[in-house]
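Chain identifiers are assigned alphabetically (A, B, ...) following the order of the sequence lines, protein sequences preceding nucleic acid strands; residue numbering begins at 1 within each chain.
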Protein chains: 2
Amino acid sequence: MAEQEPGAGRSPEARLLVVDDEPNIRELLSASLRYSGFEVIAASDGHEAVALAERVRPDLVVLDVMLPDLDGFAVAKRLRAGGRRMPVVFLTARDGTDDKVHGLGVGDDYVTKPFSLEEVVARIRAVLRRTRGDLELPSRLQVADLVLDEEAHHVERAGQPVRLSPTEFKLLHYFMSNAGRVVSKAQILDHVWNYDFGGDAGVVESYVSYLRRKIDNVEPRLIHTLRGVGYVLRAPRH
Amino acid sequence: MAEQEPGAGRSPEARLLVVDDEPNIRELLSASLRYSGFEVIAASDGHEAVALAERVRPDLVVLDVMLPDLDGFAVAKRLRAGGRRMPVVFLTARDGTDDKVHGLGVGDDYVTKPFSLEEVVARIRAVLRRTRGDLELPSRLQVADLVLDEEAHHVERAGQPVRLSPTEFKLLHYFMSNAGRVVSKAQILDHVWNYDFGGDAGVVESYVSYLRRKIDNVEPRLIHTLRGVGYVLRAPRH
DNA sequence: ACCCAGGCTCAGCCGTCGCTGAGCGTTTGC
DNA sequence: GCAAACGCTCAGCGACGGCTGAGCCTGGGT
């Protein structure tokens, strides 16, 4: 279950409008994005979305393609009526219908369902960074001599580049954005794995093991196990 | 059994609804949470819970998953009918069914039965902190040169990091949140150990011993024994 | 059609943790 | 001053949590 996140207290990074008709997904996203530091409002269908966007002027819209009333793309079109800029991150099913995504506007992006929270947050940040030259959002995370560049999708330890599989990368990214904070295996599952993942926490142990082999095989060790609690990524001493 | 606690006299931190069909657990929780400074009302089944919540509008619900009438998740759903926000801390059995908890309602949290009171209070506070931007009840406790950082799950004495087992950590945390106040061995058993723990108070002595060895082996001594009464954690008076 | 990388599960091993019981020292009460 | 109660420490055990290597399955690329 999702627990602590950064971003509390600071003024919101941006205002988001989340549009999805499934209450579970809508709530999952809203809560999680709020805890990530965004201001979030939500709508459950296309018309409500258009009306709300009119009033609250969000910085970005997270938009399910499958809506009961309007097609997601139709919603996007209306949002941008009058030439107004309105970046959109689409949520789309993984089946064949992705073809329709080719209709993306510039600056838009999409995430396939089922997604992981890490993925969604990453896409949102990337789009925001692009559309408003928001350099404040660092695309580069660093802990000791471990560096992860999000934009370049590049990781290196002690100056040596490291090849990571997608899951390994997401896991490391999650660790690094929570450096110094203990994260439980349940939290990791919630953020790094897709929300419909049914398996148990053993898989987290496996991937931590892979990660250690690839990026934590030199001193100082950065990934620490806290038995019965979780993991921390941190430089020693502090 | 639980005795005195902080929070008496001050205005309640929040209003809680406790839902459990076992009278023992219900009373244990209600009493303990009251002494922790919460306003508490209780219900023994799902329908009563929904009806009560309707009337008294609690800030948070502590909800057993196994109820005689409604499933705990069903109750949660009804509590949130109409899109109302209602944070929930679930109480769930430790058997394999934990999987069901994963993936439902973000912003919620859960505690496995049998729990310790420390655990429950901690989860409740964490959820409240999140859901109402109740910023930064400091996650850092300090007494003299002894520091416990909850978020990082890190302890140090005189600048030196110390490794503690989970139980040692919980015990120290209990001491530190009650710094300057005498706690009896019975209180410690009630708060730090699971409520179904059958053993005797000897185990507390053991763990106090371990703690002393790890974090109280330098001057000034912080953990003091009051024979026949209990223990206090406090910096020496000057 | 094949191969390979990636995702996941499983099971055995190992270390640690939690608890108990015994022995010993210290304090208290008589 | 003595005995009983209380508290401290240590050793030992059973059990559990976490790590990792092996293996299966899937999907994508050649």
Side-chain angles (χ1 to χ4, degrees), chain A residues 94-96 98 112 114-116 118-119 153 155 162-172 174-175 182-189 192-217 221 223-232, chain B residues 94-96 98-99 102 112 114-116 118-119 153 155 162-172 174 182-186 188-189 192-217 221 223-232:
Chain A
R94 201 184 291 284
D95 57 31
D98 332 30
T112 57
F115 48 77
S116 71
E118 272 286 287
E119 237 172 289
H153 211 266
V155 174
V162 182
R163 276 195 61 225
L164 297 183
S165 80
T167 307
E168 289 162 0
F169 185 87
K170 283 200 282 183
L171 176 58
L172 180 61
Y174 185 62
F175 274 137
V182 179
V183 290
S184 68
K185 281 185 265 197
Q187 274 175 287
I188 296 174
L189 272 185
V192 177
W193 267 260
N194 294 338
Y195 58 76
D196 68 341
F197 176 71
D200 77 292
V203 70
V204 176
E205 295 167 15
S206 286
Y207 275 83
V208 169
S209 173
Y210 302 153
L211 260 193
R212 288 214 243 240
R213 203 172 316 168
K214 290 189 178 177
I215 58 103
D216 213 18
N217 49 358
R221 305 295 152 132
I223 302 178
H224 308 276
T225 304
L226 301 184
R227 251 170 198 264
V229 185
Y231 299 92
V232 211
Chain B
R94 199 185 291 283
D95 57 32
D98 326 31
D99 316 305
H102 168 261
T112 56
F115 47 77
S116 70
E118 273 285 286
E119 238 171 288
H153 214 264
V155 173
V162 183
R163 283 194 53 218
L164 297 183
S165 80
T167 306
E168 289 162 359
F169 186 88
K170 283 200 279 184
L171 177 57
L172 180 61
Y174 185 62
V182 180
V183 290
S184 69
K185 281 185 263 196
I188 295 175
L189 272 185
V192 177
W193 268 260
N194 295 338
Y195 60 76
D196 69 340
F197 177 70
D200 74 293
V203 70
V204 176
E205 295 167 12
S206 286
Y207 275 84
V208 169
S209 169
Y210 302 151
L211 261 192
R212 281 188 166 133
R213 194 179 335 180
K214 290 188 178 178
I215 58 105
D216 212 18
N217 49 358
R221 305 294 152 136
I223 302 178
H224 308 278
T225 304
L226 301 184
R227 236 188 138 72
V229 185
Y231 300 93
V232 210

Original post:
Can you tell me if the side-chain N/O atoms of A:W193 get under 4.0 Å from OP1 or OP2 in C:dC8?
Top reply: yes
Subject >> Distance-minimising heavy-atom pair for A:V208 and A:L171 >> reply: N-CD2, 3.9 Å
Original post:
For the base of D:dC6, is there a side-chain donor-acceptor partner from B:R227 under 3.5 Å away?
Top reply: yes
Original post:
Starting at CD1 of A:I223 and ending at P of D:dC19, how long is that distance when rounded to a whole Å?
Top reply: 10 Å
**OP:** Could you tell me which non-hydrogen atom of B:K214 sits nearest to which non-hydrogen atom of B:S165, and how far apart they are?
**Re:** NZ-N, 4.3 Å
Can you name the atoms? Protein N/O to nucleotides 8-10 of chain D N/O, anything below 3.5 Å, with the distance.
| unit_1 | atom_1 | unit_2 | atom_2 | d |
| --- | --- | --- | --- | --- |
| D:dC8 | OP1 | B:R212 | NH1 | 2.8 |
| D:dC8 | OP1 | B:T225 | OG1 | 2.6 |
| D:dC8 | OP2 | B:Y231 | OH | 2.6 |
| D:dT9 | OP2 | B:S209 | OG | 2.9 |
| D:dC10 | OP2 | B:R213 | NH2 | 3.3 |

Original post:
Counting only side-chain N and O atoms of A:R163, is one of them less than 4.0 Å from OP1 or OP2 of C:dG6?
Top reply: yes
**OP:** Using whole Å, report how far NZ of A:K170 lies from P of C:dG7.
**Re:** 8 Å
Subject >> Over 12 non-hydrogen atoms of neighbours within 6.0 angstrom of CZ in B:R221 >> reply: yes
**OP:** In whole angstrom, give the distance that lies between atom CG of B:D196 and atom P of C:dC19.
**Re:** 10 Å
Original post:
Does A:I223 offer a backbone N or O that forms a donor-acceptor pair with the side chain of A:D216 under 3.5 Å?
Top reply: yes
Subject >> Heavy-atom pair with the smallest gap, counting every atom of B:R163 and B:E168 >> reply: O-OE1, 4.3 Å
Subject >> Rounded distance in Å - CG (B:D200) to C1' (C:dG18) >> reply: 14 Å
Original post:
Taking atom C1' of C:dG7 as reference, at what distance in whole Å does atom NZ of A:K214 sit?
Top reply: 12 Å
Original post:
Do the side-chain N or O atoms of B:T167 get closer than 4.0 angstrom to the phosphate oxygens (OP1, OP2) of C:dG18?
Top reply: yes
Original post:
Under 3.5 Å, is there a donor-acceptor pair between the side chain of B:D200 and the main chain of B:G202?
Top reply: yes
Subject >> Interatomic distance, B:L226 CG vs C:dT26 P [rounded to whole Å] >> reply: 19 Å
Original post:
For the side chain of A:S165, counting heavy atoms from C-beta on, which of D:dG17, C:dG6, D:dC6 is nearest?
Top reply: C:dG6
**OP:** Please determine which of B:W193, B:Y174, B:F169 meets the ring-ring contact (aromatic ring centres under 6.0 Å, His included) test together with B:Y207.
**Re:** B:W193
**OP:** Rounded off to whole Å, could you give me the CD1-to-C1' distance for the B:I188 and C:dG18 pair?
**Re:** 16 Å
**OP:** Could you tell me the separation between the CD atom of A:E168 and the C1' atom of C:dC8, rounded to a whole number of Å?
**Re:** 13 Å
